[in-house]
Amino acid sequence: MDPQILISGGGPIGNYLASQLKGYSTVVMEEHSEIGKPIQCTGLVHPRVTEMAKAQESILNTIKGLRLFFPDGRVIEVKTNEIKAVVIDRCMFDNICCEAAKEADATISTSSKVLDFKRDGNELSVKCLIDGDKKEVRTKLLIGADGYKSQVGSYAGLGCAKEIVRGIQADLEYQMPEQDMVEVYLGKDIAPGFFAWILPCGEFTRAGVGVSKGNGIPSKYLERLIEKKGLEDAKRSQIYSGAIPIGYPKSTSTDNVMIVGDAAAQTKPISGGGLFTGMRCATYAAETAIEAIEANDYSAAILSRYEDKWRSEIGKELDRGMIVRKVFVGMSDKKLNEAGKLLDKPQAKEILATGDIDYPCELAKPILKAVPSLVKLAPGALRTLLIGR
């Protein structure tokens, strides 16, 4: 097993990447024994994500609107006639991506992970754990799609995310009366440094919270959310937790190595979503991998094309998202309530209704123009967004 390309991580990003490498010797290593488990995702994505993965059958529900709850009880409701997001069965979605990788002749090796590697001439000698046995695999190109604790990124010296948000969610045996509305809760008491959500998933309801560092364990906030919603008696069919890396590292490639998805913190700083951004970046990683193989050049100079490509498409959105996140995290509940009051106007809600969950920062400029009073909440940062820098 000495492939041209070794992908560490058999989640949707790693397998989506492998699906675009047909004709090249590719091995995907997944540390868990089963693809798609454990689940570590809310499962709310734009329909384009299921289209990209050809995974429409994984859709559980469609979402057309949002209720945004502020600390003082104010609720801003935005509802449209168009589908804004879909809820997916993540286990099914992951397996569809895996089957696509297999169809592209990739080898999927479960219960396997990269332990370490060293360079040997123009290739890498990679130490792996495969079904409990330590083995050496040689490859020209190693791609880390191994999550926020990326061993590949760490060994390659590529750095890590600027921030980690911890999350927990529970699937409740309860059907929401309105299946096309997602609820989002803000405030220090409910989800400090992030937000909480109530997501209708058809036959069940998903309740979850994200909590930034230094605010205690997420589970206590989940209990508070479920109690606030009056669902404490609902049976919990699943409880799962995870972490969201926010703020990509200085570099996502070096000699013989690239990192992608959560391993590169290519997540949206406002929502924490990473499927769309990770899949787009995986496309560029695949393109660059092919270019490197055809040129027989795996140097940092060649692989930096990957970084140039993904930054060109989504870098500005992620950078602006970091500005918005910095403003949000720095806001007291009092300021959040003030923002809610300013946004609770027909013109602002009309603009919010046009939003795209994959490009939330595109709303920044029109919202700030429509409600210029918002700028006073964080003059420096928000003025930067207003003038479009």
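Nothing fancy with the numbering, it's 1 onward along the sequence.
Looking at I13 and M279, their side chains come closer than 4.5 Å, going by heavy atoms from C-beta outward. Side-chain contact between I96 and K54 is absent, with no heavy atoms from C-beta onward closer than 4.5 Å. Side-chain contact between L199 and T205: absent, with no pair of heavy atoms (C-beta onward) separated by less than 4.5 Å. You'll find the side chain of V327 reaches within 4.5 Å of the side chain of L382, heavy atoms only. Between R305 and E291 the shortest side-chain heavy-atom distance falls below 4.5 Å. Side chains of L303 and L141 form a contact here, defined as non-hydrogen atoms less than 4.5 Å apart. Looking at V87 and V182, their side chains never come closer than 4.5 Å, going by heavy atoms from C-beta outward. Put simply, the side chain of V86 reaches to within 4.5 Å of the side chain of T50, judged on heavy atoms.
The cluster map of Ile, Leu, Val, Met, Phe, Trp and Tyr, joined by side-chain heavy atoms under 4.5 Å apart, puts Y16 and M92 in different clusters.
Counting only N and O atoms by type, the side chains of Q179 and N61 include a donor and acceptor under 3.5 Å apart. Checking Y221 against E223 by side-chain atom types alone, no donor-acceptor pair falls below 3.5 Å. No hydrogens or angles considered: nothing links the side chains of E173 and S237 as a donor-acceptor pair under 3.5 Å. Checking E313 against Y284 by side-chain atom types alone, a donor-acceptor pair falls below 3.5 Å. For the residue pair H32 and E30, a side-chain donor N or O sits within less than 3.5 Å of a side-chain acceptor on the partner. The closest side-chain donor-acceptor pair between T252 and E307 falls under 3.5 angstrom.
A salt bridge links K349 to D344: one of the charged nitrogens lies within less than 4.0 Å of a carboxylate oxygen. Classification of K341 and E338 as a salt-bridged pair fails, no side-chain N sitting under 4.0 Å from a carboxylate O. A salt bridge links K79 with D180; the closest basic N to acidic carboxylate O contact falls under 4.0 Å. Look at K229 and E183 and you find a salt bridge, because one of the NZ, NE, NH1 or NH2 atoms lies within 4.0 Å of a carboxylate O, short of that distance. Under 4.0 Å is where a charged nitrogen must lie from a carboxylate oxygen, and between E317 and K268 no such pair does.
Between H46 and D356 the shortest heavy-atom distance is CD2-OD1, 3.6 Å. Pairing each heavy atom of L17 with each of A282, the nearest pair is CD1-O, 3.2 Å. Closest approach of P245 and I164 over heavy atoms only: CA-CD1, 3.7 Å. For the residue pair I108 and K102, the shortest heavy atom distance occurs at CG1-CG, 3.8 Å. Here the closest non-hydrogen pair linking L225 and V209 is CD2-CG1, 3.9 Å. Between I293 and Y298, the closest heavy-atom pair is CA-OH, 3.5 Å.
Shown here is K84, whose NZ atom has more than 12 heavy atoms of other residues, nucleotides or ligands within 6.0 Å. Residue K326 qualifies as open at atom NZ: its count of foreign heavy atoms under 6.0 Å is 12 or below. Around NZ of K162, the count of heavy atoms belonging to other residues, nucleotides or ligands within 6.0 Å exceeds 12. More than 12 heavy atoms of other residues, nucleotides or ligands sit less than 6.0 Å from atom CG of D133.
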Pair Y240-R206, side chain to side chain donor-acceptor pair (under 3.5 Å): steps then yes or no:
CA-CA 11 Å; Y240 32 98; R206 184 165 290 153; 2.8 Å; yes
List the steps and the verdict of side chain to side chain contact (heavy atoms under 4.5 Å, CB included) for I88 and L60.
CA-CA 5 Å; I88 58 172; L60 296 172; 6.0 Å; no
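In this structure, K228 fails the cation-pi test against Y185, since its NZ or CZ atom is not both closer than 6.0 Å to the six-membered ring centre and inside 45 degrees of the ring normal. With F276 as the aromatic partner, R48 meets the cation-pi criteria of under 6.0 angstrom to the ring centre and within 45 degrees of the ring axis.
In this structure, T26 OG1 and D105 CG are separated by 9.0 Å, a value rounded to the nearest 0.5 Å.
The distance between the ring centers of W310 and Y248 falls below 6.0 angstrom.
The stretch residues 146-183 participates, sequence neighbours left out, in no ring pair (Phe, Tyr, Trp, His ring centres under 6.0 Å) pair at all. Pairs of residues two or more places apart, or lying in two chains, that qualify as salt bridge (Lys or Arg N to Asp or Glu O under 4.0 Å) and include a residue from residues 120-129 are D120-R138, E123-R138.
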